[in-house]
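So you know, we letter chains A, B, ... as the sequences are listed, proteins then strands, and number each from 1. What you see is a predicted model, and the numbers here were worked out from it, not measured in a lab.
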Amino acid sequence: MTKPGPRRTSPPDAPDLFDAPGAPPRPRAPRRREDSPHAGDGGSPESAISVSTLTRTAKDIVEGAFPPLWVRGEVTNFSPHRNGHWYFSLRDSMARVRCVMWATDARRLPAPPDDGMQVSALGRMSVYPAHGEMHLIVMALEASGDGLWRKALDQSIKRLTAEGLLDPTRKRRVCAHPQRIAVVTSPDGAALRDIIAVVKRRCPIVEIVVVPARVQGDGAARELVAAIRRVSRWRDVDTVIVGRGGGSREDLWVFNDERVARALAACAIPTISAVGHEVDVSLCDLVADLRAATPSAAAEAAVPVLADVRARLATRAVDLRVALERRAMRARRQFEETAHDMRDALERLTARRRARLEIAAGRLDALSPLATLGRGYALASDEDGRTLTNAAQFERGRAFRLRLRDGQVGARTESTSSDVAPQPRPTER
Amino acid sequence: MSYEEDLARIEAIVAELGRDDVALDRALALFEEGVERLRSASTALERAEARVRVLIERADGTFELGHFDG
């Protein structure tokens with residue numbers, strides 16, 4: 001915090017300012033007081049000035065003599081009033097001065113100082129006329145080592161941690177191929193320009209939806225909370241970027257506001273924080289699903305490079321074809337193996353049958369009367385093919401057939417004689 | 001169907017096609033689906049250049065996208 005606030009006059013003559021600090025400061029135009037001492041006044045008992053003239057004169061002189069100054073010291077007797085004004089003293093080992101910080105200035109600080117805290121205060125020296133006491137009207141206050149900011153942030157982190165809102169397992173995956181992203185930021189800020197430029201360069205098919213909110217100054221936290229909630233209700237978007245470009249710590253402080261962080265944690269859409277700062281991590285960074293150091297970096301995290309996506313898709317097309325070809329090749333190989341197996345089986349079966357056939361043929365050959373015929377015998381049969389085995393079957397003049405090794409002969413019985421006693425003739429059928 | 005879903009499905013299909021136990025008719029069906037998904041994803045990437053819009057919430061709580069003057 002470096003800028004002094006607007007010049008503000010000291011509190012008017014409200015009695016008991018420090019004892020009953022409810023009286024608001026009433027701005028008052030500088031004026032020539034009727035009871036200001038004139039030259040020579042107070043030089044004698046007769047021209048004695050009033051106490052109030054003295055203290056008012058002292059006030060004018062003191063206020064005129066000191067420009068706003070940074071004063072360092074230790075805070076003691078810190079006492080915030082319910083109307084927002086802060087009363088305290090600054091001291092070192094030798095001295096102490098009463099201080100007041102009006103609510104309008106105190107509100108800009110992230111947290112009140114603690115007693116014992118070493119601070120630097122930017123203030124205007126003044127005199128409270130009713131008490132004749134000097135006091136420092138503090139417009140800005142910095143604790144050494146970012147004390148106040150750190151203190152407020154630490155308290156918020158502690159609360160959010162206790163509620164589990166900073167748990168790493170809460171982090172959602174940010175959509176890798178969004179169709180639409182929302183940007184919660186100032187509509188005329190550098191952050192939005194940067195984000196639009198990066199998205200148009202990397203992936204111009206992604207739609208950007210601006211959700212306007214002030215990102216610094218009074219009301220910024222309220223507007224950011226409202227904008228984040230609006231996106232969360234809308235839902236018709238893949239990713240939300242919340243942020244702003246770089247600035248002073250005071251400018252960026254709204255992103256350490258617990259209300260903003262809570263709205264971000266409750267957002268239904270995955271969030272990317274993009275607060276333009278290098279060193280510090282804001283509360284919103286801790287709560288967001290993804291933290292980017294700058295708005296440009298957030299845009300790069302939010303959208304892919306379109307050419308890369310197209311290349312990846314082309315690779316997938318090849319993958320798909322290759323996968324099918326492999327599967328088809330496997331099928332063909334399986335088919336060939338099966339066909340081969342079948343052929344083998346068939347051949348084995350055929351060979352076995354042929355072998356059996358040959359054996360049977362050999363046996364048949366051995367039993368065959370044809371073999372006997374080969375040795376010069378003949379077989380006689382009648383017209384019906386019945387074999388004639390007895391002489392008695394050969395009736396005189398009857399035709400019969402003789403089967404020889406290489407053919408048949410038609411014959412007729414001339415005569416018969418029997419070598420043995422006549423057998424009973426077989427029954428004629 | 002978003003590009004993201006299409007791409008995830010294509011990758012799942014490629015993985016399943018690579019398995020030993022996938023039946024041939026199933027493999028063919030998967031391939032056909034994969035080709036369809038590729039077409040859908042490609043179409044998504046050929047969208048026209050998007051505009052910058054501004055989110056407007058109406059009084060009744062519905063939303064519209066307005067023209068943004070950057």
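Heavy atoms of B:L7 lying under 4.5 Å from chain A belong exclusively to its side chain. Contacts of B:A23 with chain A are made by backbone atoms alone, with heavy-atom separations under 4.5 Å and no side-chain atom involved. Neither the backbone nor the side chain of B:T62 has a heavy atom closer than 4.5 Å to any heavy atom of chain A. Contact of A:C175 with chain B is made through backbone and side chain together, with heavy-atom distances under 4.5 Å. Only the side chain of A:A331 comes within less than 4.5 Å of a heavy atom of chain B; its backbone N, CA, C and O stay farther away.
Residue A:R235 qualifies as open at atom CZ: its count of foreign heavy atoms under 6.0 Å is 12 or below. No more than 12 heavy-atom neighbours from other residues, nucleotides or ligands sit within 6.0 angstrom of CZ on A:R222.
Inter-residue side-chain proximity for B:F63 and A:D236 is flagged as unmet; no heavy-atom pair is nearer than 4.5 Å. When side chains are defined from C-beta on, A:V209 does not count as touching B:V54, because their heavy atoms never get closer than 4.5 Å. Using a 4.5 Å heavy-atom cutoff, the side chains of B:V52 and A:L192 are not in contact. You'll find the side chain of B:E46 reaches within 4.5 Å of the side chain of A:R310, heavy atoms only. For the pair A:R230 and B:L55, the minimum side-chain heavy-atom distance is below 4.5 Å. Under the 4.5 Å side-chain criterion, counting only non-hydrogen atoms from C-beta, A:Q179 is in contact with B:R47. When side chains are defined from C-beta on, A:R330 counts as touching B:V22, because their heavy atoms get closer than 4.5 Å.
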task = Apply side chain to side chain contact (heavy atoms under 4.5 Å, CB included) to the pair B:L45 and A:V309, showing each step before the final yes or no.
result = CA-CA 8 Å; B:L45 293 185; A:V309 178; 3.7 Å; yes
query = Given A:I208 and B:R51, is the side chain to side chain contact (heavy atoms under 4.5 Å, CB included) satisfied, shown in steps?
reply = CA-CA 7 Å; A:I208 298 170; B:R51 283 171 301 171; over 6 Å; no
message = Using the rule given for side chain to side chain contact (heavy atoms under 4.5 Å, CB included), can you reason through B:L65 versus A:E207, listing the C-alpha separation, both sets of side-chain angles and the distance that settles it, and then say yes or no?
response = CA-CA 11 Å; B:L65 293 178; A:E207 186 173 51; 4.1 Å; yes
message = Using the rule given for salt bridge (charged side-chain N to carboxylate O under 4.0 Å, His left out), can you reason through A:R327 versus B:E16, listing the C-alpha separation, both sets of side-chain angles and the distance that settles it, and then say yes or no?
response = CA-CA 10 Å; A:R327 183 61 190 83; B:E16 190 174 345; over 6 Å; no
query = Would B:R53 and A:R180 satisfy side chain to side chain contact (heavy atoms under 4.5 Å, CB included), going step by step from the backbone distance to the final call?
reply = CA-CA 10 Å; B:R53 316 286 286 276; A:R180 188 186 264 168; 5.7 Å; no
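To the nearest 0.5 Å, atoms CH2 (A:W234) and CD1 (B:I56) are separated by 11.0 Å. The distance from the CD atom of A:E325 to the CG atom of B:L17 is 11.5 Å, given to the nearest 0.5 Å. The OG1 atom of A:T315 sits 11.5 Å away from the CD1 atom of B:I10 when rounded to the nearest 0.5 Å. B:L38 CG to A:D319 CG: the interatomic distance, rounded to the nearest 0.5 Å, is 9.5 Å. Between the CG atom of B:D6 and the CG atom of A:L313 there is a distance of 9.0 Å, given to the nearest 0.5 Å. In this structure, the separation between CD on B:E32 and CG on A:L320 is 11.0 Å, given to the nearest 0.5 Å.
Of all heavy-atom pairs spanning A:I205 and B:A44, the tightest one is CD1-O, 3.8 Å.
Put simply, the side chain of A:R233 never gets that close to the backbone of B:G61: no donor and acceptor are under 3.5 Å apart. Looking at B:E4, its side chain does come within 3.5 Å of a backbone N or O of A:H177 through a donor-acceptor pair. Remark: the backbone N or O of B:A50 is paired with a side-chain donor or acceptor of A:K200 at under 3.5 angstrom.
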